[in-house]
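One structure is given here, and the rest of the page talks about it.
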Amino acid sequence: MPRNCVNVAVLVSGGGTNLQALIDAENSGIIKSGKIKLVISNKADAYALERAKKASIKTAVVSKSELGQNGMEEKITDLLTENKIDIIVLAGFMCILTADFTKKYDKRIINVHPSLIPSFCGEGFYGLRVHEAALKKGVKVTGATVHFVNEIPDGGEIILQKAVTIPENSTPESLQKRVMKLAEWKILPRALELVSNNILKEGK
Ligand code: GRF
């Protein structure tokens with residue numbers, strides 16, 4: 001029988017506002033082709049884990065400092081297999097995944113990045129640093145990008161982008177909030193629905 005939903009895992013490290021946007025989008029029906037089954041954090045104290053628990057989603061902590069890169073990736077792989085996960089969303093996950101890992105999930109991992117790729121992306125561009133670089137350059141428009149994840153940091157195929165204007169007197173903090181609210185929280189759920197729906201249509 002054809003499936004009507006794919007299983008989604010969300011990988012997090014911090015506050016989890018993007019995870020919250022996904023949970024809310026699932027509840028409101030914006031996401032209907034995917035179901036969040038598992039939230040994995042590399043930090044035991046990530047507030048994102050509380051958000052998952054409140055939404056009755058299974059959680060796991062996989063610590064890179066305890067297990068090392070290979071051990072962490074092995075444990076994540078085991079969890080994904082055990083929970084029959086089809087799609088992995090990186091939502092503020094602060095660990096780089098190796099090519100060995102990303103190759104196993106070709107076109108099955110998506111990430112949200114807080115700039116319009118190819119600007120202000122790649123190694124070293126994370127968190128506030130992205131917005132600091134945009135302000136330093138003096139660009140008038142920035143935004144967010146959801147893309148597939150491959151072995152090149154922020155280098156995979158682009159799925160969705162949304163532009164955001166930069167008001168005068170912006171700070172990295174104010175710009176981060178603006179980009180999240182106006183772009184990231186909107187395009188991440190839409191991109192997850194798109195990718196999930198394509199997988200269902202292809203019958204994979
Ligand atoms: C977001 O800005 C996201 O683009 C970046 O990390 C931040 C995560 O925030 N990759 P949150 O944990 O979803 O609140």
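The side-chain hydrogen bond (donor to acceptor under 3.5 Å, both in side chains) contacts involving residues 131-142 comprise nothing, where partners must be two or more places apart or lie in separate chains. Listed by first and then second residue, the ring pair (Phe, Tyr, Trp, His ring centres under 6.0 Å) pairs involving residues 97-125 are F101-Y105 (not counting sequence neighbours).
Side-chain atoms of M180 and K177, non-hydrogen and from C-beta on, never get closer than 4.5 Å to each other. Contact check for I109 versus F148: no side-chain heavy atoms found under the 4.5 Å cut-off. Between I88 and V149 the shortest side-chain heavy-atom distance does not fall below 4.5 Å.
In terms of the side chain to side chain donor-acceptor pair (under 3.5 Å) criterion, residue partners of E157 (sequence neighbours excluded) are, by chain and number, K107. By the side-chain contact (heavy atoms from CB on, under 4.5 Å) test, S196 is found to be paired with V6, S33, I87, L192, residues two or more places apart in sequence or in another chain being considered. Every residue two or more places apart in sequence or in another chain that forms a side-chain contact (heavy atoms from CB on, under 4.5 Å) with L182 is listed here: V164, R178. Residues that satisfy the side chain to side chain donor-acceptor pair (under 3.5 Å) test with Q20, not counting sequence neighbours, are D24, R51. Residues passing the side chain to side chain donor-acceptor pair (under 3.5 Å) test with K32: none are found, sequence neighbours excluded. Applying the side-chain contact (heavy atoms from CB on, under 4.5 Å) rule to L135 yields the partners I166, S170, P172, L175; only residues at least two apart in sequence or on another chain are considered. Contacts of S41 classified as side chain to side chain donor-acceptor pair (under 3.5 Å), with partners at least two apart in sequence or in another chain: none.
Here H147 contributes atom NE2 and C121 contributes atom SG; the two are 8.0 Å apart, rounded to the nearest 0.5 Å. If you take CG on L194 and CD1 on I31, they are separated by 10.5 Å, rounding to the nearest 0.5 Å.
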Would you list the atom pairs, donor with acceptor, under 3.5 Å between side chains in residues 184-191 and any protein atom, with sequence neighbours excluded?
unit_1	atom_1	unit_2	atom_2	d
E184	OE1	N18	ND2	3.1
W185	NE1	T17	OG1	3.2

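Under a 4.5 Å side-chain heavy-atom criterion applied to ILVMFWY residues, the cluster that includes V141 comprises L116 as well. With side-chain heavy atoms closer than 4.5 Å counting as contact, directly or through intermediates, the hydrophobic cluster containing I158 also holds I117.
In the model, E73 has a side-chain atom that pairs as donor or acceptor with a side-chain atom of T98 under 3.5 Å.
Remark: K35 NZ is loosely packed, at most 12 non-hydrogen atoms of other residues, nucleotides or ligands lying under 6.0 Å away. Counting non-hydrogen atoms of neighbouring residues, nucleotides and ligands closer than 6.0 angstrom, the NZ atom of K104 exceeds 12 such neighbours.
The cluster map of Ile, Leu, Val, Met, Phe, Trp and Tyr, joined by side-chain heavy atoms under 4.5 Å apart, puts I199 and L38 in different clusters. The hydrophobic clustering, which links ILVMFWY residues whose side-chain heavy atoms are closer than 4.5 Å, places V8 and V39 together. Hydrophobic clustering, with ILVMFWY side chains joined whenever heavy atoms are under 4.5 angstrom apart, groups V112 together with L19. In terms of hydrophobic clustering, with Ile, Leu, Val, Met, Phe, Trp and Tyr side chains grouped at heavy-atom distances under 4.5 Å, I40 and L49 are assigned to different clusters.
Using a 4.0 Å cut-off between a side-chain N of Lys or Arg and a carboxylate O of Asp or Glu, K103 and E151 do not qualify as a salt bridge.
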